[in-house]
Amino acid sequence: MSEMLSEAPKSLADAVALLAGANGAARVLAGGTDLLIQMRSGRLQPELLVDVKGIPEMRSIAAESGGFRFGAAVSCMELVEHAAFARTWPGLTDAVKLIGSIQVKGRATVGGNLCNASPAADSVPALIAAGAVASIVGPGGRREARVEDIATGPGKTSLAKGELVASFLLPQRAPRSGDAYLRFTPRTEMDIAVVGAGVNLTLDAQGVCSQARVALGAVAERALLVPQAAAALIGSKVDAAALERLAAAASAACRPIDDKRGTKEFRIKIAGVLARRAAAIALARARGKN
Ligand SMILES: Cc1cc2nc3c(=O)[nH]c(=O)nc-3n(C[C@H](O)[C@H](O)[C@H](O)COP(=O)(O)OP(=O)(O)OC[C@H]3O[C@@H](n4cnc5c(N)ncnc54)[C@H](O)[C@@H]3O)c2cc1C
């Protein structure tokens, strides 16, 4: 059995050099709430762990360009306790709040939630609906990618060797905007989404929806952006008919698997129901009612 090395670099450049220079399997270690479990079960045996929690850029939450940038290694608890962030992005905050127990949230990160690439990851549909952009650093320098382009399938991402997600940028909020995330689980907590739905919308001064993004989790091999569902809302007053069209478009976009936690038919139906309910919450928030 080969030895495993563990490094804790203090800069992004050093982290990238370690990841890019590794001969065998190398993994970023953030909170470890997915990775350590996979290693303990024998599913993964990396030769190098690169602990990124000591890298300042990956641990900060700051205002930027009228929006927020937060580090990929900020813990879920730090994010949900950031009052200005939670006020601006209540739906994304709800999604992050759902990740495990208080203890898990004290360690777990949004970067890890995304890069673990589970189709059921709770923060990912909410990030996609929010229009979050990831800043990725690697041997070729820095690049940006939309969150919906990072996970490609269960356990797989579009990150190249040596690349890591450094931070996420949430855009400036237009007035009369609201977001929401809902998930269905058989238990009330500490469970994985059978379906998740994130909706983010903006109303114009007349109360007509001028912009919307809708994303679904656990209904395909990765979280899905569903432009057809957003199109059902845009140009409407988000009335009952628009919500029905949204639900139908959300259900139509699903390509789920059957498993012990839910059948295909059940997931397809619930995706429509959750998208409709999340849109109603996002609408109330956009109207200033929480
Ligand atoms: C009891 C329990 C309950 C849970 N409940 C939920 C839940 O309700 N909802 C949910 O979505 N998840 C849940 N999880 C899963 C897990 O907590 C989350 O996915 C968490 O966000 C993972 O973050 P982490 O920092 O611990 O990631 P890690 O375990 O450190 O990393 C996960 C993967 O991502 C990679 N990675 C991490 N950060 C980066 C980065 N910045 N750049 C590139 N790659 C990176 C790692 O190499 C690894 O492959 C639960 C886990 C436990 C143990």
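Scope of the values below: all heavy atoms of this structure, side chains included, with no hydrogens, waters or symmetry mates. All residue numbers refer to positions in the sequence shown, counting from 1. For ligands, and for the atoms within them, numbers begin at 1 and follow the listed sequence.
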- Task: Output yes when a side-chain donor or acceptor of R267 lies under 3.5 Å from a complementary backbone atom of V194, and no otherwise.
- Result: yes
- Item | Flag, side chain of E81 to backbone of E78, donor-acceptor distance under 3.5 Å |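 No; zero donor-acceptor contacts below 3.5 Å.
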- Message: One thing to verify: whether D204 and R176 come together as a salt bridge, which I'm taking to mean a side-chain N less than 4.0 angstrom from a carboxylate O.
- Response: no
- Query: So does E244 pair up with R276, basic N to acidic O under 4.0 Å?
  - Reply: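 Looking at R276 together with E244, the answer is yes, because their closest N to O distance falls below 4.0 Å.
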Return a table of N or O atom pairs, ligand 1 on one side and protein on the other, at distances under 3.5 Å, rounded to 0.1 Å.
unit_1: ligand 1; atom_1: 5 (N); unit_2: G100; atom_2: N; d: 3.2
unit_1: ligand 1; atom_1: 8 (O); unit_2: L98; atom_2: O; d: 3.0
unit_1: ligand 1; atom_1: 8 (O); unit_2: G100; atom_2: N; d: 3.4
unit_1: ligand 1; atom_1: 8 (O); unit_2: D122; atom_2: OD2; d: 3.4
unit_1: ligand 1; atom_1: 8 (O); unit_2: R183; atom_2: NH1; d: 3.0
unit_1: ligand 1; atom_1: 8 (O); unit_2: D191; atom_2: O; d: 3.3
unit_1: ligand 1; atom_1: 9 (N); unit_2: D122; atom_2: OD2; d: 2.7
unit_1: ligand 1; atom_1: 11 (O); unit_2: N113; atom_2: ND2; d: 3.0
unit_1: ligand 1; atom_1: 11 (O); unit_2: D122; atom_2: N; d: 2.9
unit_1: ligand 1; atom_1: 17 (O); unit_2: T33; atom_2: OG1; d: 2.7
unit_1: ligand 1; atom_1: 19 (O); unit_2: D34; atom_2: OD2; d: 2.5
unit_1: ligand 1; atom_1: 19 (O); unit_2: N113; atom_2: ND2; d: 2.9
unit_1: ligand 1; atom_1: 21 (O); unit_2: T109; atom_2: O; d: 2.8
unit_1: ligand 1; atom_1: 21 (O); unit_2: N113; atom_2: N; d: 3.4
unit_1: ligand 1; atom_1: 23 (O); unit_2: T109; atom_2: N; d: 3.3
unit_1: ligand 1; atom_1: 23 (O); unit_2: T109; atom_2: O; d: 3.3
unit_1: ligand 1; atom_1: 25 (O); unit_2: G31; atom_2: N; d: 2.7
unit_1: ligand 1; atom_1: 25 (O); unit_2: T109; atom_2: N; d: 3.0
unit_1: ligand 1; atom_1: 25 (O); unit_2: T109; atom_2: OG1; d: 2.7
unit_1: ligand 1; atom_1: 26 (O); unit_2: G32; atom_2: N; d: 3.1
unit_1: ligand 1; atom_1: 26 (O); unit_2: T33; atom_2: N; d: 2.8
unit_1: ligand 1; atom_1: 26 (O); unit_2: T33; atom_2: OG1; d: 2.6
unit_1: ligand 1; atom_1: 29 (O); unit_2: G32; atom_2: N; d: 3.4
unit_1: ligand 1; atom_1: 29 (O); unit_2: T33; atom_2: N; d: 3.3
unit_1: ligand 1; atom_1: 29 (O); unit_2: D34; atom_2: N; d: 2.9
unit_1: ligand 1; atom_1: 29 (O); unit_2: L35; atom_2: N; d: 2.7
unit_1: ligand 1; atom_1: 30 (O); unit_2: A30; atom_2: N; d: 2.9
unit_1: ligand 1; atom_1: 30 (O); unit_2: G31; atom_2: N; d: 3.3
unit_1: ligand 1; atom_1: 30 (O); unit_2: G32; atom_2: N; d: 2.8
unit_1: ligand 1; atom_1: 34 (O); unit_2: N116; atom_2: N; d: 3.4
unit_1: ligand 1; atom_1: 41 (N); unit_2: V165; atom_2: O; d: 2.8
unit_1: ligand 1; atom_1: 42 (N); unit_2: V165; atom_2: N; d: 2.9
unit_1: ligand 1; atom_1: 47 (O); unit_2: V28; atom_2: N; d: 3.3
unit_1: ligand 1; atom_1: 47 (O); unit_2: V28; atom_2: O; d: 2.5

- Message: Taking atom NZ as the centre, does K53 end up with more than 12 heavy-atom neighbours from other residues, nucleotides or ligands that are less than 6.0 angstrom away?
- Response: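 Yes - once you tally the heavy atoms of other residues, nucleotides and ligands closer than 6.0 Å, there are more than 12.
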- Item | Heavy atoms of other groups near R277 CZ, more than 12 under 6.0 Å | no
